[in-house]
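Below is one structure, written out as structure tokens, with a few remarks after it.
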Amino acid sequence: MTIERFFSNVPEEAPALAGGILAPVLALQGEQARPGFRITLFGAVKTGKTGMLNRLLGTSVVPEDALKTKSWITTVAHNAVPSAMLRMRDGSERAVPFDELQRSRREWSDREVGEVRIGVPHPVLSGGITLVDTPGLLADEAATEITYGMLERTDLSIMVLAADKILSGEERAVAAYVHDLLHGNIVFVVNRMDLINEEDRDDVLAWASAALSGLGNSLLGQPRILISGRSGAYAGRESISAWLTAFSESGPVQSVSTLSRSSVLGHRLSRAVRSLQEGRGAAVGRANEARMRHLESTMRERAVRRRAVGDARRQLDVARVEIASLRPSFISRSIHDTSESIRGNRASLPVRLQLEGAITTYADAVNDRVRDAVMGAPVNAPPFDLRTWLFRLDLNARPDPVGSIGSTFGDLLTHPLDSGKSGREAGEALGSWISKNVLGKDAEMEMEQESERLAHTALVSIEAEVDRYFSGLSTLLDEADSFYEIWVPAAPVVDAAEEDERCWAVVLQWAQGFERAARRAADESLTPLSREASEPPPSDPR
């Protein structure tokens with residue numbers, strides 16, 4: 001995937017997750033497509049950068065003030081008519097008459113001015129080249145930060161060294177840093193050569209060449225050391241003016257630009273990748289901790305629930321024994337309800353055993369005991385319900401011989417008087433006396449005995465159903481025990497931690513691929529015979 005494709009395919013998880021980490025990387029998208037070629041001059045304070053730039057342009061374009069160290073940058077680009085513009089730190093802009101630059105410079109405030117933009121007609125600049133003069137390094141922290149920020153947005157860096165105080169340890173550290181930052185796109189200019197005795201100049205350049213050995217690249221030189229001074233060219237030495245003119249006309253401008261931009265992007269991506277790796281590591285740790293806590297909680301909950309299943313099983317065994325004690329009350333209720341039915345409907349045939357009340361009471365008792373037994377267990381016991389059962393048990397004895405005899409006597413004796421009402425009432429009493437004392441038989445007792453026999457018959461079927469019901473409960477508990485042996489409850493905290501872990505992994509993978517693409521683009525901008533292996537990002541001497 002190309003660099004442009006990575007910029008266009010930022011993971012949707014990135015902004016909320018790692019927006020701050022990736023902001024420096026994404027801020028370079030515009031730099032990748034920036035038109036023109038930017039050359040940045042930098043160096044320690046008082047190395048003569050601004051004066052050298054003016055000599056390079058052939059006129060005093062950039063304001064100089066030896067008594068004051070500036071903290072803004074100055075950009076010089078091509079323009080047919082000389083112009084000047086101040087860009088303030090608050091983002092506003094203010095035009096300045098070009099011919100008043102030198103005079104008005106002393107009136108500018110470091111706290112207000114961020115950039116001085118100058119436009120002049122010059123052959124070196126006509127090809128889209130912009131020269132940038134930066135604040136001096138190593139003296140003021142704010143100015144140093146401004147310079148480093150500019151170097152991360154440059155295509156070619158020119159480090160200006162003062163011949164009379166060349167290459168301190170701090171300068172060598174800065175040179176190494178910029179070399180790594182721009183993948184060797186650094187050129188060195190030994191300025192103020194006119195301040196060095198002629199017989200000492202070769203020694204100065206030899207010392208600089210030895211101290212800077214290995215810096216630079218195959219496109220520019222390793223190292224490329226140029227000279228500058230008020231006296232003009234020096235015998236046998238290449239001046240900054242001559243080299244820059246040749247470079248702007250036929251040098252590897254595009255390759256240098258691609259190399260610097262890709263290298264800076266790669267360095268920012270490298271820092272981002274390290275931060276993302278830390279973020280992902282923390283996310284993995286949080287996810288692992290959440291999983292461990294959830295596992296521990298699950299094991300405890302499993303034990304509690306399986307223990308509750310075992311308790312329910314034991315309580316059901318007790319309940320099953322207690323249910324056997326319901327037999328007498330079931331028989332008694334069945335006989336009672338049947339006798340009441342017979343008395344209320346003496347002429348009704350056939351006589352049916354009345355079980356509804358007994359069954360309801362029996363089923364309620366079973367459900368009460370089962371509910372108590374499984375209370376606290378992680379199961380939903382179905383109710384024991386016999387309402388859909390149909391018992392058609394008919395009594396074989398006459399429904400009510402007493403009533404029949406009584407009715408007969410009543411009809412025979414009193415029908416003419418009141419249509420048999422008085423006769424039936426008298427007949428019932430007489431019939432009962434005859435049945436017990438004359439016929440020698442108690443019809444009600446016979447019916448109760450038959451009711452008891454049929455109630456026992458019904459109870460056999462009901463208890464068989466109870467056995468099936470308890471067998472089903474036992475199976476239900478077995479299934480619950482098997483389920484909770486491997487049960488894993490929902491874990492929103494774990495899900496959230498794992499989603500966070502996944503998001504970090506997605507963004508990290510994207511950033512790592514992006515870094516490889518940037519490093520590859522930088523490497524491919526060098527000639528095939530001199531491609532340099534990518535190195536880890538340098539330690540920032542700041």
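All residue numbers refer to positions in the sequence shown, counting from 1.
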Backbone N or O of [Y] within a donor-acceptor pair of the [X] side chain at under 3.5 Å?
X    : Y    : answer
N185 : V256 : yes
H267 : D180 : yes
H294 : P489 : yes
N217 : G184 : yes
N191 : G48  : yes
R117 : M85  : no

Just to verify, what does [X] make a salt bridge (Lys or Arg N to Asp or Glu O under 4.0 Å) with, not counting sequence neighbours?
X    : answer
E289 : R293
R286 : D500
E31  : R34, R38
D478 : R313

If every non-hydrogen atom of [X] is compared with every non-hydrogen atom of [Y], which pair is closest and at what distance?
X    : Y    : value
I21  : A272 : CG2-O, 3.7 Å
R268 : A27  : NH1-CB, 4.4 Å
R55  : S228 : NH2-OG, 3.3 Å

Any side-chain heavy atom of [X] sitting closer than 4.5 Å to one from [Y]?
X    : Y    : answer
P382 : L473 : yes
V304 : R300 : no
S260 : T154 : no
V264 : L181 : yes
T134 : K49  : yes
M193 : L205 : yes
V494 : M292 : no
V116 : V96  : no

Checklist entry - Run the side chain to side chain contact (heavy atoms under 4.5 Å, CB included) check on L220 and L156 step by step: do they pass? => result CA-CA 10 Å; L220 301 172; L156 173 63; 3.4 Å; yes

Find the distance between [atom1] ([X]) and [atom2] ([Y]) and round it off to the nearest 0.5 Å.
X    : Y    : atom1 : atom2 : answer
L57  : L125 : CG    : CG    : 6.0 Å
R280 : L276 : CZ    : CG    : 11.0 Å
L17  : R502 : CG    : CZ    : 10.0 Å
F188 : L212 : CZ    : CG    : 4.5 Å
L215 : Q222 : CG    : CD    : 9.0 Å
D372 : L316 : CG    : CG    : 10.5 Å

Checklist entry - What do the steps show when you test F42 against V174 for side chain to side chain contact (heavy atoms under 4.5 Å, CB included), and what is the final call? => result CA-CA 10 Å; F42 74 101; V174 170; 3.8 Å; yes

Checklist entry - Got more than 12 heavy atoms from elsewhere within 6.0 Å of CD, E198? => result no

Checklist entry - Within a reach of under 6.0 Å around CG of D90, are more than 12 heavy atoms found that belong to other residues, nucleotides or ligands? => result yes

Next on the checklist: Check this for me: does any side-chain nitrogen of one of R314 and D311 sit under 4.0 Å from a carboxylate oxygen of the other?
Outcome noted: yes

Checklist entry - Going by an N to O cut-off under 4.0 Å, is there a salt bridge joining R291 and E501? => result yes

Item to check | Stepwise side chain to side chain contact (heavy atoms under 4.5 Å, CB included) check, F98 with V120 | outcome: CA-CA 10 Å; F98 184 78; V120 293; 3.7 Å; yes

Taking only residues two or more places apart in sequence or in another chain, which ones pass side chain to side chain contact (heavy atoms under 4.5 Å, CB included) with [X]?
X    : result
E141 : none
T2   : E4, R5
P35  : none
N197 : E199, D200

Item to check | Residues in ring-ring contact (aromatic ring centres under 6.0 Å, His included) contact with F247, at least two apart in sequence or another chain | outcome: F37, W243

Checklist entry - With sequence neighbours excluded, what pairs up with F514 under the ring-ring contact (aromatic ring centres under 6.0 Å, His included) test? => result F6, F7, W510

Under 3.5 Å, is there a donor-acceptor pair linking the side chains of [X] and [Y]?
X    : Y    : result
S270 : R274 : yes
T258 : Q254 : yes
D133 : T50  : yes

Next on the checklist: So if I apply the side chain to side chain contact (heavy atoms under 4.5 Å, CB included) rule between T40 and each of M150, E152, M159, R153, which one comes out positive?
Outcome noted: M150

Checklist entry - Taking only residues at least two apart or on different chains, which pairs with a member in residues 206-219 satisfy salt bridge (Lys or Arg N to Asp or Glu O under 4.0 Å)? => result none

Next on the checklist: Please list all pairs meeting salt bridge (Lys or Arg N to Asp or Glu O under 4.0 Å) that have one or both residues in residues 243-265, counting only residues at least two apart or in different chains.
Outcome noted: D155-R261

Checklist entry - How far apart are the C-alpha atoms of W72 and R87, what are their side-chain angles, what is the distance that settles it, and do they pass the side chain to side chain contact (heavy atoms under 4.5 Å, CB included) test? => result CA-CA 10 Å; W72 58 76; R87 182 173 178 82; over 6 Å; no

